[in-house]
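Residue numbers start at 1 and run along the sequence shown. Since the model is a prediction, treat every value here as computed from it, not as a measurement.
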Amino acid sequence: MMKGNSHRLPQGGRIDRSRPLSFTLDGARINGFAGDTLASAMLANGVALVGRSFKYHRPRGLMAAGIEEPNGLLTLGEGGRQEPNIPSTMTELVEGIVARRQNGWPSVEFDLMAVNSLAAPLLTAGFYYKTFMGPTRGSWMFYEPYIRKAAGLGEGTYAPDPDRYETRHDFTDVLVVGGGPAGLAAALTAGRSGARVVLAEQDSDLGGSLLSEPSEGAGASWIEDRKAELQALPNLRIFTRSTVFGVYDGNTVGLIERRDHLSPDPKKGEARQIVTILRARAIVFTTGAIERPLVFSNNDRPGVMLASAARTYLNRFAVAPGKRAIIATNNDSAYRAAFDLAAAGLKVTIADLRGEIAPGLQAIAARHGIELRPGNAILDVEGGKSVRAARLGPVGRADSGELRPCDLVCMSGGWSPTVHLTSHGGIKPVYREDIAAFVPGGFAKGQFGAGAVVGTLALDAAIGEGAEAGAKAASHAGHAISAAKPVAPAIEGEGAYAIAAQWEVKSSAHGKAFVDFQNDVTVKDIAQAHQEGYQSVEHLKRYTTLGMGTDQGKTSNINALAIMAGLRDVTIPEAGTTTFRPPYSPVALGAIAGRSVGHHFRPVRLSPLHDWHLANGGRMTPAGPWLRAWYYDWAGKDAAEAYVKEMDLVRHGVGIADVSTLGKIDVQGPDAAEFLNRIYVNGFAKLPVGKARYGVMLNDDGLVLDDGTTTRLSETRFFMTTTTAQAGEVMSWVEFLLQAAWPELKVHVASLTDEWAAMAVSGPKARQALALAFPRTEVGDNRLPYMGALEFTHDGVPVRLIRLSFSGELAYEVYTPADHGVALWEHILKVAAPLGIKPYGLEALASLRIEKGHVAGLELDHRTSLDDLGLGKMAGKEKAYIGRELRFRPLLQAPERWSLVGIECLESDKRLRGGSILFLKDDKIEGHGRGYITSVTWSNELKKYIALGLFSGGLRHEGAEILCAYPVKNEQVRARIVSPHFIDPKGERLYA
């Protein structure tokens with residue numbers, strides 16, 4: 001596979017020969033130098049075969065040298081660091097990289113899947129739609145696993161990624177995207193104005209196209225001089241290895257910085273990649289252009305590459321891609337690659353599709369000993385895992401041409417300006433006939449362009465344009481400056497750019513002519529899409545998968561749409577382009593997530609009493625975004641033991657629970673009562689001051705959104721509480737209604753969830769406990785009846801006391817500002833200690849509510865109606881409220897709907913389980929049954945397992961025996977349907 005550094009030139013290049021490095025490819029060691037990419041190191045070691053193609057498993061070699069590379073994708077890393085489909089051309093060589101070539105079985109060198117080429121007639125565009133849809137309606141279900149297994153290129157990993165990623169926010173006056181000649185001129189000009197400037201370049205070095213010039217030439221000197229000037233400006237920052245992947249509203253961009261070259265250590269907090277959300281006052285796009293391939297038979301053989309890529313490998317990396325090269329071109333730019341290859345000792349032939357060639361180019365070619373064949377094209381390429389020969393012939397002739405031995409084929413079909421970022425705001429590119437390419441159709445306010453991206457392909461003009469754009473951007477950002485005309489380096493062969501567009505070389509050869517190299521889309525696929533009606537470029541893209549790979553069609557899009565335009569007999573502008581969307585190049589999901597993973601994915605919310613619970617035996621459990629006290633050590637060693645004892649405490653004495661997680665919303669304004677009257681099904685308009693009321697609100701669809709209590713504190717102020725689970729959604733909902741549905745209402749709402757600590761004091765001795773806690777406040781039944789509320793101060797601290805119950809016992813909710821929560825909690829525990837008060841946790845709280853028959857999150861799942869929950873009678877008959885009309889849809893009123901029931905276990909040696917499927921005792925046990933258990937607990941009051949559930953027909957089946965099937969454990973338990981109010985059905989304890 002490898003022949004040492006057999007293709008490395010003895011001198012030259014921008015590599016550091018004093019720093020040898022190595023990496024492994026498929027287990028074999030490959031040597032290179034600092035400054036290499038994986039691609040250049042492979043090429044230097046004679047690795048021509050870099051992978052297999054997506055669909056046909058054809059051997060593929062390197063085609064490009066930059067971000068546009070469609071073939072040289074590798075899987076990098078091991079274990080949790082394994083990452084597939086990484087362009088070897090963009091991966092800087094770092095010691096010890098582990099790489100594997102992709103898409104070959106058992107290996108890329110010997111790939112049995114290459115048999116797919118024999119089935120090529122069956123694998124044309126849309127083959128999966130046609131081949132795998134029969135013979136029966138369910139056939140796709142059979143085929144799908146095999147298709148998915150065969151799809152894709154590299155394989156990812158399910159192991160956790162051990163690396164660290166970060167997200168940052170930054171600001172600048174001027175952002176220059178692209179560090180080529182135009183970008184350097186723009187950044188220097190803007191920087192000299194005093195503006196804050198950021199220069200972002202995706203490569204590891206600045207210079208752009210000049211990096212492909214000879215390392216000792218005028219271009220190299222020009223780059224070093226400009227870099228020195230840039231680094232001397234204190235107001236200018238240079239971001240190399242940083243790709244701007246998206247441009248968004250307000251001149252906001254997403255920028256990803258790669259730091260693999262630093263070998264970041266996650267244990268030290270060092271990030272492997274950093275995403276920066278950068279906001280700029282002005283943006284200058286100097287993103288350059290991408291050379292596009294020619295389309296001819298077998299143009300995908302290993303050893304066929306872009307002319308610019310061959311030049312880059314030669315001059316930047318000191319790698320000779322071959323010994324005998326044939327260059328096919330329809331434009332002037334490929335001649336510079338030919339001159340440099342010939343100067344390096346290669347035998348070069350140029351097949352120029354144009355009949356007429358500039359005399360100056362002819363003279364330089366003759367001086368280098370290059371064979372020049374005007375009006376000729378490459379008709380076919382022969383070879384297997386490398387190029388052996390190319391067949392040359394006159395353009396437009398149907399003969400088989402002349403077979404010429406070679407080991408390198410270079411192609412240049414012209415240059416496509418990199419318009420992707422300029423189009424992210426929705427401005428479509430426009431076509432320019434003179435360069436046979438699309439350029440930006442305009443720029444948003446504060447955005448400018450210069451150089452090849454706007455179609456200026458001559459070096460001197462691009463540099464001047466960059467300086468002018470930099471001056472305009474600085475001026476837009478408030479820093480006036482005049483652009484001095486910069487001096488461009490003198491480079492042989494640099495000058496006017498001429499092209500004669502040729503989108504397809506037709507010949508009598510029978511090989512495949514590829515348009516999209518990554519997704520194996522050929523000219524025949526485009527013709528088939530045209531024949532089958534997929535003629536819009538957007539339809540063409542999706543039907544053939546053209547441009548949908550990791551390279552996003554950077555080398556294929558314009559060739560494809562031009563070929564389709566020809567088939568439709570329309571102009572290229574009439575055919576149009578596909579839509580360019582972020583990201584410009586693939587971005588790792590880890591980089592997008594940044595530090596928002598694990599516990600940082602969503603903030604863990606802590607009650608004001610959290611530290612007290614930890615210090616006093618509280619065992620915590622996640623409850624949505626919150627950590628809540630599950631149970632306490634005083635009651636037992638585990639939850640199963642502890643919650644029963646805590647329930648007994650509340651049923652026969654007094655307990656205190658932290659309910660700070662309840663949603664709390666302050667509702668104020670002259671129309672506050674009217675607003676609440678509209679969102680709750682029951683009336684709130686006439687609620688007296690100092691009274692609370694239980695309310696239920698519906699969604700627009702007539703299903704229950706949430707329930708809770710709301711207390712009227714004054715004529716214009718209410719204190720609303722919601723369930724813990726729905727607090728955020730309810731807050732969003734009421735804000736939406738006030739802003740969009742009823743903007744005329746004079747109401748303001750504010751979330752107080754984090755502002756107030758809340759505690760429930762529950763049990764027969766609850767009134768005694770509060771009387772001891774607040775001796776100066778009358779808490780008796782006359783002053784504080786059921787659903788009454790008081791506001792007062794205790795030791796100068798505000799307290800809200802509301803008499804309501806979630807447990808079914810005499811109970812109160814006590815609210816105080818969060819900073820005083822611990823003090824008030826400890827005060828109540830201390831003064832009520834003679835009554836035996838102790839804290840109880842979430843498990844006991846939930847079990848107490850089941851005994852009383854209170855619905856909660858498991859029943860309020862956005863699928864139940866008021867009537868399903870037995871709450872239909874509380875809805876106002878005359879007043880309007882959200883969801884009223886749709887609540888009475890026939891299906892929501894159907895008598896067989898699943899509705900709330902109580903369930904008691906009939907087998908003392910068994911238990912009920914949440915989620916169990918419910919059947920009548922004579923039913924066949926299969927399918928979804930007649931309902932399911934939503935909540936279950938052991939009731940110490942009843943000495944049996946009880947549950948709440950939803951059952952078809954609801955309490956019309958009260959007293960019926962049912963079976964509770966739990967297939968996960970293959971269990972069936974006999975039970976009976978009863979009222980969901982297991983204890984105190986008349987409310988005698990509640991109103992005590």
Yes or no on side chain to side chain donor-acceptor pair (under 3.5 Å) for Ser416 and Arg292, after CA distance, side-chain angles and deciding distance?
CA-CA 7 Å; Ser416 298; Arg292 54 183 179 253; 3.0 Å; yes
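- Looking at heavy atoms from C-beta onward, Asp520 lies in side-chain contact with Phe514 at the 4.5 angstrom threshold.
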Note to self: Walk me through whether Asn31 and Arg8 qualify under side chain to side chain donor-acceptor pair (under 3.5 Å).
What the structure shows: CA-CA 11 Å; Asn31 298 314; Arg8 184 79 73 180; over 6 Å; no
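- In this structure the side chain of Leu73 reaches within 4.5 angstrom of the side chain of Thr550, judged on heavy atoms.
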Going through the distances and angles, do Arg258 and Thr243 end up as a side chain to side chain donor-acceptor pair (under 3.5 Å)? CA-CA 9 Å; Arg258 307 178 304 277; Thr243 302; 3.3 Å; yes
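- The closest donor-acceptor contact from the side chain of Ser215 to the backbone of Gly13 lies under 3.5 Å.
- Taken from CG in Leu294 to OG1 in Thr329, the straight-line distance is 7.0 Å, to the nearest 0.5 Å.
- In this structure, the side chain of Ser88 engages the main chain of Gly72 through a donor-acceptor pair within 3.5 Å.
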(message) Pair Leu353, Val395 - check side chain to side chain contact (heavy atoms under 4.5 Å, CB included), show working.
(response) CA-CA 6 Å; Leu353 281 71; Val395 177; 4.0 Å; yes
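- Nearest approach of Cys406 to Ala390, heavy atoms of both residues: SG-N, 3.8 Å.
- Checked for salt-bridge contact, Arg336 and Glu213 meet the test: a charged N lies under 4.0 Å from a carboxylate O.
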inquiry  = Is there a side chain to side chain contact (heavy atoms under 4.5 Å, CB included) between Thr349 and Ile327? Walk through the geometry before answering.
reply    = CA-CA 6 Å; Thr349 298; Ile327 299 178; over 6 Å; no
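- Between the side chain of Gln518 and the backbone N or O of Pro70 there is at least one donor-acceptor pair closer than 3.5 Å.
- Taking OG of Ser585 as the start and NE2 of His420 as the end, the distance is 10.0 Å to the nearest 0.5 Å.
- Nearest heavy atoms, Val295 versus Ala513: CG1-CB, 3.9 Å.
- Counting only heavy atoms from C-beta outward, the side chains of Ser204 and Thr240 never approach each other to under 4.5 Å.
- Ion pairing between a basic and an acidic side chain is recognised when a charged N comes within 4.0 Å of a carboxylate O; Arg100 and Asp26 show no such pairing.
- The ring-ring contact (aromatic ring centres under 6.0 Å, His included) search around Phe517 returns none, not counting sequence neighbours.
- Between the side chain of Arg52 and the backbone N or O of His57 there is at least one donor-acceptor pair closer than 3.5 Å.
- Looking at Asp111, its side chain never comes within 3.5 Å of a backbone N or O of Gly104 through a donor-acceptor pair.
- A distance of 9.0 Å separates CG of Leu21 from CZ of Phe33, quoted to the nearest 0.5 Å.
- The main-chain N or O of Val319 is never found under 3.5 Å from a side-chain atom of His7 such that the two would form a donor-acceptor pair.
- Residues Phe296 and Glu504 fail the side-chain proximity criterion, which asks for heavy atoms closer than 4.5 Å.
- Below 30°, between 30° and 60°, or above 60°: for Tyr534 and Tyr543 the angle between ring planes is below 30°, a parallel geometry.
- Residue Glu382 forms a salt bridge (Lys or Arg N to Asp or Glu O under 4.0 Å) with just one option from Arg391, Arg388, Arg301, and that option is Arg391.
- Residues Ser263 and Val94 share a closest heavy-atom pair of OG-CG1, 3.9 Å.
- Put simply, CG on Leu74 and CG on Asn85 are 9.5 Å apart, with the number rounded to the nearest 0.5 Å.
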Does the pair Phe339 and Ile370 meet the rule for a side chain to side chain contact (heavy atoms under 4.5 Å, CB included), with working shown? CA-CA 8 Å; Phe339 302 156; Ile370 295 173; 3.7 Å; yes
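- The neighbour count for Leu112 CG, taken as heavy atoms of other residues, nucleotides or ligands under 6.0 Å away, is above 12.
- Using a distance-only test at 3.5 Å, with no hydrogens or angles considered, a donor-acceptor pair links the side chain of Gln82 to the main chain of Glu155.
- Heavy atoms of other residues, nucleotides or ligands lying less than 6.0 angstrom from CD of Glu95 number more than 12.
- A heavy-atom distance below 4.5 Å is not found between the side chains of Arg259 and Gln273.
- Closest approach of Trp503 to Ala562, counting heavy atoms only: CD2-CB, 3.4 Å.
- Note that the OG1 atom of Thr544 and the NE2 atom of His530 stand 14.0 Å from one another [nearest 0.5 Å].
- For the residue pair Thr312/Ser212, the side-chain donor-acceptor check at 3.5 Å is satisfied.
- Between Asp300 and the options Met63, Arg60, Lys512, a side-chain contact (heavy atoms from CB on, under 4.5 Å) holds for only Arg60.
- When all heavy atoms are compared, the tightest approach of Pro302 to Pro59 is CD-O, 3.5 Å.
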As a quick check of understanding, evaluate side chain to side chain donor-acceptor pair (under 3.5 Å) for Thr522 and Asp525, giving each step before the final call. CA-CA 5 Å; Thr522 67; Asp525 291 323; 3.3 Å; yes
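- Salt bridge Glu83/Arg272: present, at least one basic N to carboxylate O contact under 4.0 Å.
- When side chains are defined from C-beta on, Ile526 counts as touching Leu567, because their heavy atoms get closer than 4.5 Å.
- The environment of His539 atom NE2 is sparse: at most 12 non-hydrogen atoms of other residues, nucleotides or ligands sit within 6.0 angstrom.
- Residues Lys541 and Thr579 share a closest heavy-atom pair of NZ-O, 4.4 Å.
- Two residues are said to be in side-chain contact when any heavy atoms from C-beta on lie closer than 4.5 Å; Leu49 and Val108 meet this criterion.
- A salt bridge links Asp203 and Arg316; the closest N-O separation between the charged side-chain nitrogens and carboxylate oxygens is under 4.0 Å.
- In this structure, the separation between CD1 on Ile350 and CG on Asn376 is 12.0 Å, given to the nearest 0.5 Å.
- Side-chain N or O atoms of Glu69 include one that pairs as donor or acceptor with a backbone N or O of Ala64 at under 3.5 Å.
- Between Glu257 and Arg241, none of the side-chain N atoms (NZ, or NE/NH1/NH2) sits under 4.0 Å from a carboxylate O, so this pair counts as no salt bridge.
- Counted by atom type alone, Thr75 and Gln102 present one or more donor-acceptor pairs between their side chains at under 3.5 Å.
- Because its NZ or CZ atom is both nearer than 6.0 Å to the ring centre of Tyr584 and within 45° of the ring axis, Lys554 counts as a cation-pi partner of that residue.
- Taking a cutoff of 4.0 Å between a charged side-chain nitrogen and a carboxylate oxygen, Glu109 and Lys385 qualify as a salt bridge.
- Glu270 contributes no side-chain N or O that, together with a main-chain N or O of Lys267, makes up a donor-acceptor pair within less than 3.5 Å.
- Under 4.0 Å is where a charged nitrogen must lie from a carboxylate oxygen, and between Arg311 and Asp340 at least one such pair does.
- Judged by distance alone, with hydrogens and angles left aside, the side-chain atoms of Thr91 form no donor-acceptor pair with the main-chain N or O of Leu38 at under 3.5 Å.
- Within the 4.5 Å cutoff, no side-chain heavy atoms of Asp352 are placed close to those of Asn331.
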